[in-house]
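All remarks here apply to the structure that follows.
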Amino acid sequence: MRMSQRFGRTLREKPAEAEMPSHELLLRAGMISKLAAGIYSYLPLAWRAIKKIEDIMRKEMDAAGAQEMNMPVVHPSDIWEESGRFYQVGPEMVRFKDRSGRDMVLAMTHEEPVTDLARRFIDSHKQLPVVVYHIQTKFRDEPRSRGGLVRVREFVMKDAYSFHADEKSLDEYYPVQCRAYRRICQSCGVPVVQVQGDVGMMGGTGAHEFTYITDVGEDTVLLCPKCGYAANREAACLDKNLGVPEPAEEEIPSQPTKVATPGRDTIASVCEFLGKDPKTSIKTMVYFAGEEPVMVVLRGDLDVNEKKLANLRKVEKVRLAEPEELKSLGLEQGYMSPVGVQGIFVVADDSLSTERAYVAGANEHGYHLVGVVPGRDFRYDVMADIAAAREGDPCPVCGDGLTVKRGIEVGNTFKLGTRYSVPMKAMYQDEKGEMKPLVMGCYGMGVGRLLACVVEANHDEKGIIWPMTVAPYHVHLVALGTSEEARNAAESVYERLLAEGIEVLYDDRDESAGVKFNDADLLGMPIRVTVSERSLKRGGAEVKLRRLPDGEIVALDELPERLKSIIRSEIERILPGEES
RNA sequence: CGGGGAGUGGCGCAGGUUGGUAGCGCGCAUGGUUUGGGACCAUGAGGCCGCAGGUUCAAGUCCUGUCUCCCCGACCA
């Protein structure tokens, strides 16, 4: 490709709208262009990288036994009504009517059409398991797009769906996809951590996110540097047994005692006043899960994870009760406790022990109760983990301190189970001839978002540094000087490299050396080859890797072989081996 | 949806309080001189100042409305 013919141009200055590096560099390189908020065009160079990323995905999906297909981007609303999501999801799904008045939607994901296909084509256990995938455009009218390609409204996603006869089969296959995901990211030069994700209100046993750790990310994950535990904030757990004072026998009185605690309406102030460890106090919060009030009790030093609570109560989200709502429930803010309350659902966090006594509110202004034993002095409807893990909390696996990091979620894997097959009646006949719902898994990965992460993970102050595996071109050939000799030499090098099947971007423009070098650095092809009077005098062409500071002179005759060998070794440097 | 900011040639910005012929840098076009890290000279093209109303002899500038975009938050299968 000749730069003089290239569609798109480089920008010297940082566009005003760009915040994060990938956004700025892709814009400045003339690789993407915004049409509307969260809606981008990919110009030729970026599109070549996109196609390479897709091919890496195809290779790994094929290796994971998945078959590529394609599904529509416009769906009749019927299938979304069948699954129940037509009413469940909000305005992020675009809905419209076709000319004859039928309700249609724009695909925001493809569980519905793929489940429809499954029920049409899968009849027997003999066909299972089966895995399909497609790379398709989706549209979600996000409340807020941001960060260039990181969060957009229209995006291309690789989506795989697996169908199984039972949970066991899904459990066996699930790790195969996880492995493919790690390999895809690695092949693209994007280091990711596999973190446990929120399984959502459907429950289920498996959900993972593949996250590129970066300060500009919008996801929050908790990591254990010691043992490698990694979880999304929504799903993260902590070890609640560490550092809890041993309960001495005499500390459990036969009944709670009311004590005056004037003005002590926070855990910290009450515990300080009474000389207690916050780990021996009970924090009481009231939330609303829809219309239903829910009282949450947990150990005083912990915070509520609202996502866990929402999942427990099978709602989309919960909200903290307003002060007036507390009053109407007969509760006193700052002195609340589950002791004596009736007619309200009580969730106890499993940090609380029924074997020891705690400090709790007295449901009376200015008073607390000492010696409250969960289960004995108050009832709860369910005990579960609803605590939030925070920076420094003990790792649930090894007990070491957890670290909070930001990251970009490039992909996720999820055990769907029968969430879609049951309502949509996607059934198969088992060996005994019984009809059973298909057990499904889904595996999604954003192509454009991965491209953004490639740039985030591979750039410097001058521009992009493409990994060889996804680089739009392998070689950026720079012709310098106006002499006939140099020009001709560059032209013949270009022709030669093309003939040898090397992907080469050729800067044949009539620009100064500075402009060409700076553009080469910005565009970021992995190998730069310079042909000039100077290089010819030194015996050939200068070959320099974008990621390294210095180049070498290579004789023109040896150039194609030398470049091929660099390309090969650069690809091998990145590509994962058989094991990973 | 809440808070903040911005819309003036392709990009980055000035002008606005004090209304009076729309400006700068980069880029682009033509010619010439240059050519190993964002060259120089000359000439030139390109903008109904987001849009719609209003005030005024006169609006980029003042008033009202509206749309769009960016950032923080809410939200995120």
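Labels below follow one simple rule: chain letters A, B, ... track the order of the sequence lines, proteins then strands, and each chain is numbered from 1. Please read all numbers here as calculations on a predicted model, not as lab measurements.
- Between the CZ atom of F139(A) and the C1' atom of C76(B) there is a distance of 14 Å, rounded to whole Å.
- The C1' atoms of C72(B) and A29(B) are separated by 43 Å, rounded to the nearest whole Å.
- Of the residues Y181(A), Y173(A), Y174(A), the one that meets the side-chain hydrogen bond (donor to acceptor under 3.5 Å, both in side chains) test with Q177(A) is Y173(A).
- For the pair L26(A) CG and C11(B) P, the interatomic distance rounds to 17 Å; values are reported in whole Å.
- Using Watson-Crick or G-U wobble geometry with both donor-acceptor distances under 3.5 Å, C69(B) finds its partner in G5(B).
- Between the C1' atoms of A59(B) and G15(B), the separation comes to 14 Å (whole Å).
- Of the nucleotides present, U30(B) is the one that pairs with A42(B) by Watson-Crick or G-U wobble criteria, both distances under 3.5 Å.
- Rounded to an integer number of Å, the gap from E92(A) CD to C1(B) C1' is 14 Å.
- Residue-level contact check: M93(A) touches neither bases nor backbone, having no heavy atom under 4.0 Å from any strand.
- Between the base of C76(B) and the side chain of R151(A) there is a donor-acceptor pair shorter than 3.5 Å.
- Rounded to a whole angstrom, the distance from the P atom of A58(B) to that of G19(B) is 15 Å.
- G147(A) comes within 4.0 angstrom of sugar-phosphate atoms only, judged by non-hydrogen atoms across all strands, and of no base.
- Residue contacts for R144(A): at a heavy-atom cut-off of 4.0 Å it reaches a base atom on one of the strands shown.
- Per the geometry, CG belonging to D219(A) stands 13 Å off C1' belonging to C75(B), to the nearest Å.
- Map K14(A) and E17(A) each onto its nearest nucleotide of RNA chain B; the residue landing nearer the 5' end is K14(A).
- Base pairing of C75(B): no nucleotide in any strand meets the Watson-Crick or G-U wobble criterion (both distances under 3.5 Å).
- In this pair, Y40(A) and H23(A) present their aromatic rings perpendicular. The plane angle is above 60°, beyond the 30 to 60° band.
- With rounding to whole Å, E142(A) atom CD is found 15 Å from G73(B) atom C1'.
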Next on the checklist: Checking L523(A) against I464(A) for the side chain to side chain contact (heavy atoms under 4.5 Å, CB included) test, could you report, in this order, the C-alpha distance in whole Å, the side-chain angles of both residues, the deciding distance, and whether it holds?
Outcome noted: CA-CA 6 Å; L523(A) 296 176; I464(A) 303 170; over 6 Å; no
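- In summary, D198(A) and R233(A) do not engage in a salt bridge, as defined by a charged side-chain N under 4.0 Å from a carboxylate O.
- Spacing between A22(B) and G38(B) at atom P, rounded to whole Å, works out to 37 Å.
- Pair assignment for G60(B): none, as no Watson-Crick or G-U wobble contacts are both less than 3.5 Å.
- Checked for salt-bridge contact, E552(A) and R562(A) meet the test: a charged N lies under 4.0 Å from a carboxylate O.
- In this structure, F414(A) CZ and E111(A) CD are separated by 9.5 Å, a value rounded to the nearest 0.5 Å.
- Nucleotides of RNA chain B nearest to G444(A) and S145(A) differ in position, and the one nearer the 5' end is that of S145(A).
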Next on the checklist: One character per nucleotide, please: for nucleotides 27-43 of chain B, 5' to 3', B when the base has a protein heavy atom closer than 4.0 Å, S when only the sugar-phosphate does, - otherwise.
Outcome noted: S-------BBBBS----
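- For E24(A) (side chain) and K14(A) (main-chain N/O), no donor-acceptor pair under 3.5 Å exists by modelled atom type.
- In this pair, H110(A) and H75(A) present their aromatic rings perpendicular. The plane angle is above 60°, beyond the 30 to 60° band.
- Taken to the nearest 0.5 Å, the CG atom of D78(A) stands 9.0 Å off from the CZ atom of F86(A).
- If you measure from atom CG of L27(A) to atom C1' of C26(B), you get 16 Å, rounded to the nearest angstrom.
- Within the shown strands, nothing qualifies as a pairing partner of G16(B) under the Watson-Crick or G-U definition with both distances less than 3.5 Å.
- Here the separation of G10(B) from C49(B), taken at their P atoms, is 14 Å to the nearest Å.
- When the C1' atom of G73(B) is taken as reference, atom CD of E19(A) falls 15 Å away, rounded to whole Å.
- C51(B) and G9(B) have their P atoms separated by 10 Å, given to the nearest Å.
- Between U68(B) and G50(B), the two C1' atoms lie 7 Å apart (nearest whole Å).
- To the nearest whole angstrom, the two C1' atoms, one in U8(B) and one in G47(B), are 8 Å apart.
- Nucleotide A6(B) holds its P atom 17 Å from the NZ atom of K34(A), rounded to whole Å.
- Residue K317(A) has a polar side-chain atom (N or O) positioned under 4.0 Å from OP1 or OP2 of C75(B).
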